[in-house]
Amino acid sequence: MDERIQRKVEKLEQHCQKEAKEFARKVQELQKSNQVAFQHFQELDEHISYVATKVCHLGDQLEGVNTPRQRAVEAQKLMKYFNEFLDGELKSDVFTNSEKIKEAADIIQKLHLIAQELPFDRFSEVKSKIASKYHDLELQLIQEFTNAQRRGEISRMREVAAVLLHFKGYSHCVDVYIKQCQEGAYLRNDIFEDAAILCQRVNKQVGDIFSSPETVLAKLIQNIFEIKLQSHVKDQLEEHRKSNAEQYLKNLYELYARTTNLSSKLMEFNLGTDKQTFLSKLIKSIFISYLENYIEVEIGYLKSRSSMILQRYYDSKNHQKRSIGTGGIQDLKERIRQRTNLPLGPSIDTHGETFLSQEVVVNLLQETKQAFERCHRLSDPSDLPKNAFRIFSVLVEFLCIEHIDYALETGLAGIPSPDSKTANLYFLDVVHQANTIFHLFDKQFNDHLMPLISSSPKLSECLQKKKDIIEQMEMKLDMGIDRTLNCMIGQMKHILTAEQKKTDFKPEDENSVLIQYTNACVKVCGYVRKQVEKIRNSMDGKNVDTVLMEFGVRFHRLIYEHLQQYSYSCMGGMLAICDVAEYRKCAKDFKIPLVLQLFDTLHALCNLLVVAPDNLKQVCSGEQLGNLDKNILHSFVQLRADYRSARLARHFS
C-alpha cells in the first residue's frame, strides 16, 4: 500500500510540474500580446492627438473665416437697414411687423450707436430718423412692459426688460414697474404695514424680471421712503409742531420707531453691498429737520408740563406757593439755622398738609420716563448722554427742588417752637412721604437714566448731582427731625409742669397715698407711646433706630432733670420709683438697648430715695450704681426729705 501510494504521489507531482510549465508558457504569451496591445494603444493615442490637433486648427481657421464673414453679413444687414433710413422708406419686415419688435430693437440700438459716430452736417437727417425710431421703439417696449405687468405676465416682462437693458430708457422701465406695483398697495390706514407687505411681494417677483433685482428693489424702497413715508410724516408732524408739543413728540417718537422697525424688516432683503448705510440715510432724510431741534422741544415741553402738574396740585390745595428766596440774606439765615437749629422767621400753620403728593411725583416721573424713552430713540448716539443729563436736570429742578425741597422748607417753617404748649407735629409725615419719593426717584435713576449714560463722562456728573441733592434734602430732614424731637420734649415738659405737683412726692398724709403712679406719668407715657409709633411709621431701616435712640436719650434727660426738681418723702420716693418703672416700661417700646439701660440706671438711682440710711453705702456700691459718678449719687440722696438729718448725712459721707 505504501509503494502504491508513493507511485500515485510521484505521478501527481509529475502532472503538477507539467501543468505549471504549461501555465508559465501561457502567461508569457499573454504578456507578449499585452505589450503588443499597449504599443497599438500608444500609436492610436498619438494618432487621435494628431487628429484632434488638426481638427482644432481647422476649427480655428473656420472661425477665423466665419467671424469676419458674420460681421460682414451683420454689417451688410445694418447697411441695408441704414439705406432704408437714408431713403426715408422702411420696407423691411422687421420694422413693419409688430411681432418682431425684439429684432427691430436690437437693430435700431446698433444703428443708433453707429449714428453717433457719423458727422452731423452730412447725416443730420438720417440721424434724426434713427433717433426718432429709437425713441418710438423705446416707448413701444415700455408700453409692452406696462401691459405685460398689468396682465401679470412675468416671462414677457423679463423678455422686454432684457431688450430694454441696452436702451437709455431702461430706467424708465424700472420707474414704470415701481409705479405700477404700488397701485392699490396702500388700501389700509397703516402705511408702514402696507409698505412692508409690498416690499415682500416685490422681493419675490423682481428676481424673475430684472437682471439686477437688488438695484430695482433698492429704488422701490427709496421711492417709498422719499415720497410716501416723507409725505405721511410731514402730515402727521406739521399739524402739531407749533400748536401741541405733547402730541408732536408722541407722533415723532411713534413715527420714528415705526420707520426704524420697517427698516429692520427691509434688512432681510438683498439691497446691495451696504444696505445698513443706505437705509440709515433714507431715515435721516425724512427726520433730519425734526431731529435737529428735538431736545429743545423735549426740554421745553417737559418744563411746561412739570410746572403745570405742580401748579394744578397747589391750586387743588388752595395754596399760594411761597418764595423760598435766594441770595446773601437767605444764605446767611440758612447757615445760622444749620449751626443753631433755630427757627428763623415766623412759624407757618400748614393745617396738617405736607405739600407732598405721591400722585404728583408719579406723574412727574412718568413724564420723565417717556422723555428718557424718546431721548434714547431720537437722539444721535454722540448726543445721547448730554440730552439725558438735561432731562435729568429738569427732573431734579421740578421734583427735588420745586416739590420736595419746597415741602421740606414749608414743613420746617411749620414746626412750632419747643415751648409751644400744644402743637400737632406734621413734619414726620413729611419725612415719611419724602422717604417714599426718594425710593421712586432712585428707581427711575437706575432703571431709565443709567443705561443712557453708563459709558460716558456724564455718569460721574449725574451721580454727583444726585448725591448733592440727596445730601441737601437729608440735611433738611435731619434738621426737621431734630426740631420735631425738641418740640416733643417741650410738650412733654409742659405736661410734667402742668400735671406734676410737689405734693405728689411729699404728701401731707403718708398713709393716704393710694395711687400706683402719678397723673403726669400717665399722660407723658401715653404721649411718648404715640410718638414712638409715629416715628416707626414715618421711617424705615436704620433711621428708625437712630431717631428713636435720640428721642429716648432726650426723654431720659427730661425725666432725670424733672425728678431733680422735687424733694421726696419715703412714700413720695416709692411713688417716684413707680413712675420711673412706668417710664422704663414705656422705654421698652423703643427697643433700643441704650435707652432701656439709661432708665434701668435711673430706676436704680430712685432707690436711693427710699433705702434705709444704714444701707445707702451698700446700694451705692452695687452693680448698677457702682460705676456712676459720686456727684450724681449725692445729688439724688440730697433729694430725700430726711437728708438734713445728721444720721443720713453721716452714713452717706
Side-chain angles (χ1 to χ4, degrees), residues 489 492-493 495-529 552-653:
I489 298 301
M492 290 157 62
K493 194 172 185 179
I495 293 171
L496 290 171
T497 304
E499 299 294 332
Q500 200 85 69
K501 298 172 184 175
K502 288 187 178 182
T503 55
D504 287 344
F505 301 120
K506 198 174 180 183
E508 294 176 1
D509 185 359
E510 293 280 323
N511 298 319
S512 63
V513 178
L514 300 174
I515 58 174
Q516 293 181 343
Y517 29 76
T518 64
N519 191 42
C521 173
V522 174
K523 290 192 174 182
V524 167
C525 287
Y527 180 83
V528 168
R529 286 191 175 95
V553 169
R554 295 188 192 189
F555 172 36
H556 167 267
R557 189 186 306 127
L558 173 68
I559 300 303
Y560 178 85
E561 291 173 354
H562 174 69
L563 292 174
Q564 293 276 329
Q565 299 174 13
Y566 299 95
S567 177
Y568 299 87
S569 64
C570 183
M571 187 54 68
M574 292 297 293
L575 196 56
I577 290 173
C578 291
D579 278 3
V580 172
E582 192 64 24
Y583 291 139
R584 185 174 60 175
K585 192 187 298 182
C586 186
K588 285 182 181 178
D589 295 342
F590 285 67
K591 297 178 182 176
I592 305 294
L594 174 63
V595 176
L596 189 58
Q597 184 184 343
L598 288 172
F599 276 94
D600 284 343
T601 305
L602 183 60
H603 188 267
L605 281 170
C606 288
N607 286 332
L608 297 176
L609 301 175
V610 296
V611 73
D614 296 339
N615 297 332
L616 269 174
K617 275 193 175 182
Q618 183 184 348
V619 173
C620 288
S621 58
E623 184 182 349
Q624 285 186 306
L625 301 179
N627 296 327
L628 290 181
D629 186 82
K630 193 173 181 182
N631 292 328
I632 296 174
L633 300 174
H634 191 218
S635 65
F636 260 82
V637 174
Q638 284 180 323
L639 300 177
R640 293 173 61 127
D642 59 354
Y643 176 72
R644 295 294 178 187
S645 69
R647 181 170 169 237
L648 182 61
R650 186 175 64 253
H651 274 290
F652 189 71
S653 62

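Residue numbers start at 1 and run along the sequence shown.
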Could you check Phe505 against Leu639 for side chain to side chain contact (heavy atoms under 4.5 Å, CB included), going step by step and ending with a plain yes or no?
CA-CA 10 Å; Phe505 301 120; Leu639 300 177; over 6 Å; no
Can you name the side-chain hydrogen bond (donor to acceptor under 3.5 Å, both in side chains) partners of Asn607, sequence neighbours left out?
none
Return the set of residues passing side-chain hydrogen bond (donor to acceptor under 3.5 Å, both in side chains) with Arg554 (not counting sequence neighbours), or none when no residue passes.
Asp482, Asn486, Glu550
Not counting sequence neighbours, list each pair that qualifies as a salt bridge (charged side-chain N to carboxylate O under 4.0 Å, His left out) and has a residue in residues 590-600.
Arg584-Asp600
For side chain to side chain contact (heavy atoms under 4.5 Å, CB included), just list the numbers for Tyr566 and Lys506, CA-CA rounded to whole Å, side-chain angles, deciding distance to a tenth of an Å, and then say yes or no.
CA-CA 8 Å; Tyr566 299 95; Lys506 198 174 180 183; over 6 Å; no
Evaluate the criterion side chain to side chain contact (heavy atoms under 4.5 Å, CB included) for residue pair Asp579 and Leu563; output intermediate values, then yes/no.
CA-CA 10 Å; Asp579 278 3; Leu563 292 174; 5.8 Å; no
Quick one: salt bridge (charged side-chain N to carboxylate O under 4.0 Å, His left out) partners of Lys588, sequence neighbours excluded?
none
If you take all heavy atoms of Cys521 and Tyr583, which pair is closest and at what distance?
CA-OH, 3.5 Å
Of all residues at least two apart in sequence or in a different chain, which pass the salt bridge (charged side-chain N to carboxylate O under 4.0 Å, His left out) check with Glu499?
Lys523
Thr503 meets the side chain to side chain contact (heavy atoms under 4.5 Å, CB included) criterion, sequence neighbours left out, with Lys501
Taking side chain to side chain contact (heavy atoms under 4.5 Å, CB included) as the definition, give me every residue that meets it alongside Val610, ordered by chain and number, with sequence neighbours left out.
Met574, Ile577
ring-ring contact (aromatic ring centres under 6.0 Å, His included) involving His556 - partner list, sequence neighbours excluded
Phe599
Excluding sequence neighbours, so at least two apart, what forms side-chain hydrogen bond (donor to acceptor under 3.5 Å, both in side chains) with Gln500?
Asp504, Thr518, His562
Using side chain to side chain contact (heavy atoms under 4.5 Å, CB included), reason through Leu605 and Val580 one step at a time and then give a plain yes or no.
CA-CA 10 Å; Leu605 281 170; Val580 172; over 6 Å; no
Ring centroid separation Tyr568 to Phe636 under 6.0 Å
no
